[in-house]
Amino acid sequence: MKEEKFEAFDEQLKDLRPEVKVKALELAAGYHNEGLEAAFALKKAIAEAELWFLDSEG
């Protein structure tokens, strides 16, 4: 996982739970590798990671 790709987006990541942040960065790296622009990849990944966390809590 290359977290450096998303360093410019620290503001979007700072308030996430640690496990959600890790999941979001993993997902975002995959989306970015598939060709999505970094900002869009991270936005999509954060939304999915938050849903993943809520589902895992339930």
Side-chain angles (χ1 to χ4, degrees):
M1 173 177 57
K2 296 279 186 185
E3 194 169 326
E4 306 88 48
K5 292 178 193 174
F6 304 104
E7 284 179 354
F9 304 101
D10 281 343
E11 189 66 28
Q12 291 175 286
L13 296 168
K14 72 175 186 171
D15 293 329
L16 298 177
R17 291 176 173 269
E19 56 269 54
V20 174
K21 181 178 178 179
V22 169
K23 184 72 168 179
L25 287 170
E26 289 173 357
L27 291 169
Y31 295 142
H32 188 66
N33 288 339
E34 292 173 1
L36 286 180
E37 189 266 323
F40 183 71
L42 186 61
K43 185 175 181 175
K44 180 177 177 176
I46 289 172
E48 289 186 19
E50 288 175 335
L51 287 175
W52 163 82
F53 180 76
L54 291 174
D55 287 345
S56 69
E57 289 285 297

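Excluded from the calculations below are hydrogen atoms, water molecules and symmetry mates; all remaining heavy atoms, backbone and side chain alike, are included. Computed from a predicted structure; not experimentally measured.
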Pairwise distance [atom1]([X]) to [atom2]([Y]) - rounded to 0.5 angstrom:
X	Y	atom1	atom2	result
Lys14	Lys21	NZ	NZ	11.5 Å
Leu42	Leu13	CG	CG	5.0 Å
Glu50	Leu16	CD	CG	5.5 Å
Ile46	Leu25	CD1	CG	8.0 Å

Looking at [X] and [Y], what are the two nearest heavy atoms and their distance?
X	Y	value
His32	Glu37	ND1-C, 4.0 Å
Ala24	Ala45	O-CB, 3.2 Å
Phe6	Ala38	CE2-O, 3.7 Å
Ala41	Leu36	CB-CB, 4.0 Å

Do Leu51 and Tyr31 share a hydrophobic cluster (ILVMFWY, side-chain heavy atoms under 4.5 Å, transitive)?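 Looking at the clustering, Tyr31 is in a separate group from Leu51.
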Both conditions, 6.0 Å and 45 degrees, for the charged tip of Lys23 above the ring of Phe53: are they met here?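 Cation-pi check for Lys23 and Phe53: fails.
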